[in-house]
Amino acid sequence: MPELPEVETITRLIRPRLEGRRIQGCEVRWTRTLGGLSRPAFARAVVGTRMSRVWRRGKFFVADLEHEGHAKGALVGHLRMTGRVNVEPDGWDPGPYLKVKLALDDGSSFYFIDVRKFARLWYAREAADVLGPLGPEPLSSEFTADGFHTGLRARRRAMKPLLLDQDFVAGLGNIYVDESLFRAGIHPLARSDRISRERAAKLHRAIRETLAEAIAREGSSFDVFYRTPEGNPGSFQDEFRVYGRKGKPCVACGAPIRRIVVGQRGTHLCTSCQRR
DNA sequence: ATCCTATCCTGGCTGC
DNA sequence: TGCAGCCAGGATAGGA
């Protein structure tokens, strides 16, 4: 599932191929991908604009659009589970799951591909209209251990669902939450308001280290879905300590990794290292 | 305020 | 080998 490290990897790869390019044509094969806009309205909005800057926020990627030097909204994408993005030269075969194709002025095209049809590519007058009230970027300086601790204490929720809440912290998903909680030795069902300052600081550090290491390895590819836009798999899945390791020995203590369900989500942990 | 469930989707896996 | 049935999973909406 593309989470922050995967989206960051994708954004870095497509940025040089998109920035400065003008959108010349638009082909939509599945209208719902547009998140409510009709095909003609979407095409009218984006065709003729130039992508000025490509950036990431949480699990979203954004391309700011301009027309004759003036800001003209943004293209905002969310890959959900199986979305992919490619920017490829003419003649490239996007396969059977292509949802949106944008032809660019250098002969290449932007391909938005998705198997399960949950991914979205919005046009919005302001990117913020789509992004909504996202929490802090976990790798930015605005995400501090103290602020994190204060936020945890202000809520009374189980740690796992709180960390998955994009309004609390932006960009974490099922995999990186499990990995971060393991590294910090915190049980997924621990109450957020009972986390000490020291443990909050340890988790804060674990989240940042896990994400940074995953980005350095270009994300995780544990199934056929996630590939970088160059077609390469990431390699962070080789570093998973709990995710997908049910029954295998804990790297720290050797006890078998357990899989439980928390908030309808498969959750992996070492019950010996992560006590309640 | 928080939790729980259903919904959206389809490839891949399990079990017969 | 074939096939039915189940499952994963991000985000959101609605109900408890």
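Here is how names work: the chains are called A, B, and so on, in the same order as the sequence lines, proteins then strands, and each is numbered from 1.
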What string of B, S and - do you get for nucleotides 10-15 of chain C, 5' to 3', when a contact is any protein heavy atom under 4.0 Å? BB----
Quick one: sort the A:Y176 and A:F240 rings into parallel, tilted or perpendicular, breaks at 30° and 60°.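 A:Y176 vs A:F240 ring planes: perpendicular.
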Should the pair A:F148 and A:H204 be assigned to parallel (<30°), tilted (30 to 60°) or perpendicular (>60°) ring geometry?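 Ring orientation, 0 to 90° scale: tilted.
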Identify, with sequence neighbours excluded, every residue that meets side-chain hydrogen bond (donor to acceptor under 3.5 Å, both in side chains) alongside A:T267.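 In terms of side-chain hydrogen bond (donor to acceptor under 3.5 Å, both in side chains), with neighbours along the sequence ignored, A:T267 is linked to A:K160.
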With A:E239, which residues qualify under side-chain hydrogen bond (donor to acceptor under 3.5 Å, both in side chains), at least two apart?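 With neighbours one apart ignored, the set is A:R217.
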Residues within residues 154-161 of chain A bordering DNA chain B, heavy-atom distance below 4.0 Å: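 Contacts with DNA chain B under 4.0 Å: A:R155, A:R156, A:R157, A:A158.
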Linking I/L/V/M/F/W/Y whenever their side-chain heavy atoms sit closer than 4.5 Å, directly or via other members, would A:V46 and A:V100 fall into one cluster?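 Cluster IDs for A:V46 and A:V100 match.
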Atom-pair distance ([atom1] on [X]; [atom2] on [N]), nearest Å:
X	N	atom1	atom2	answer
A:D165	B:dT2	CG	C1'	11 Å
A:R191	B:dT2	CZ	P	10 Å
A:D114	B:dC9	CG	C1'	9 Å
A:L162	B:dC3	CG	P	9 Å
A:R259	C:dC7	CZ	C1'	9 Å
A:R116	C:dA8	CZ	P	11 Å

Pairing stems for DNA chain B [at least three consecutive pairs; Watson-Crick or G-U; under 3.5 angstrom]: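 The stems are B:2-16 with C:2-16.
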For A:L269 versus A:P188, what's the shortest heavy-atom pair and its separation?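 A:L269 and A:P188 have their closest heavy atoms at CD1-CD, 3.6 Å.
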Compute whether any side-chain donor of one residue and acceptor of the other, for A:T144 and A:D146, lie under 3.5 angstrom apart.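 There is no such pair between these side chains.
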Under 3.5 Å, is there a donor-acceptor pair between the A:R39 and A:T31 side chains?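 A:R39 vs A:T31: donor-acceptor pair found between side chains.
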Can you name the ring pair (Phe, Tyr, Trp, His ring centres under 6.0 Å) partners of A:F110, sequence neighbours left out?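 By the ring pair (Phe, Tyr, Trp, His ring centres under 6.0 Å) rule, A:F110 matches no residue at all.
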Test salt bridge (Lys or Arg N to Asp or Glu O under 4.0 Å) applied to A:E137 and A:R57, step by step: CA-CA 7 Å; A:E137 277 296 316; A:R57 178 77 169 94; 3.0 Å; yes
If you compare every side-chain N and O of A:Y97 against the phosphate oxygens of B:dT10 (OP1, OP2), does one of them come in below 4.0 Å?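 So the side chain of A:Y97 is outside the cut-off, no N or O lying under 4.0 Å from OP1 or OP2 of B:dT10.
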Return yes if some donor-acceptor pair links the side-chain N/O of A:K59 with the main-chain N/O of A:L172 below 3.5 Å, else return no.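 Side chain of A:K59 to backbone of A:L172, a donor-acceptor pair under 3.5 Å: yes, one is there.
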For A:R120, which contact category applies under a 4.0 Å heavy-atom criterion: base, sugar-phosphate, or nothing?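 It contacts nothing in the nucleic acid.
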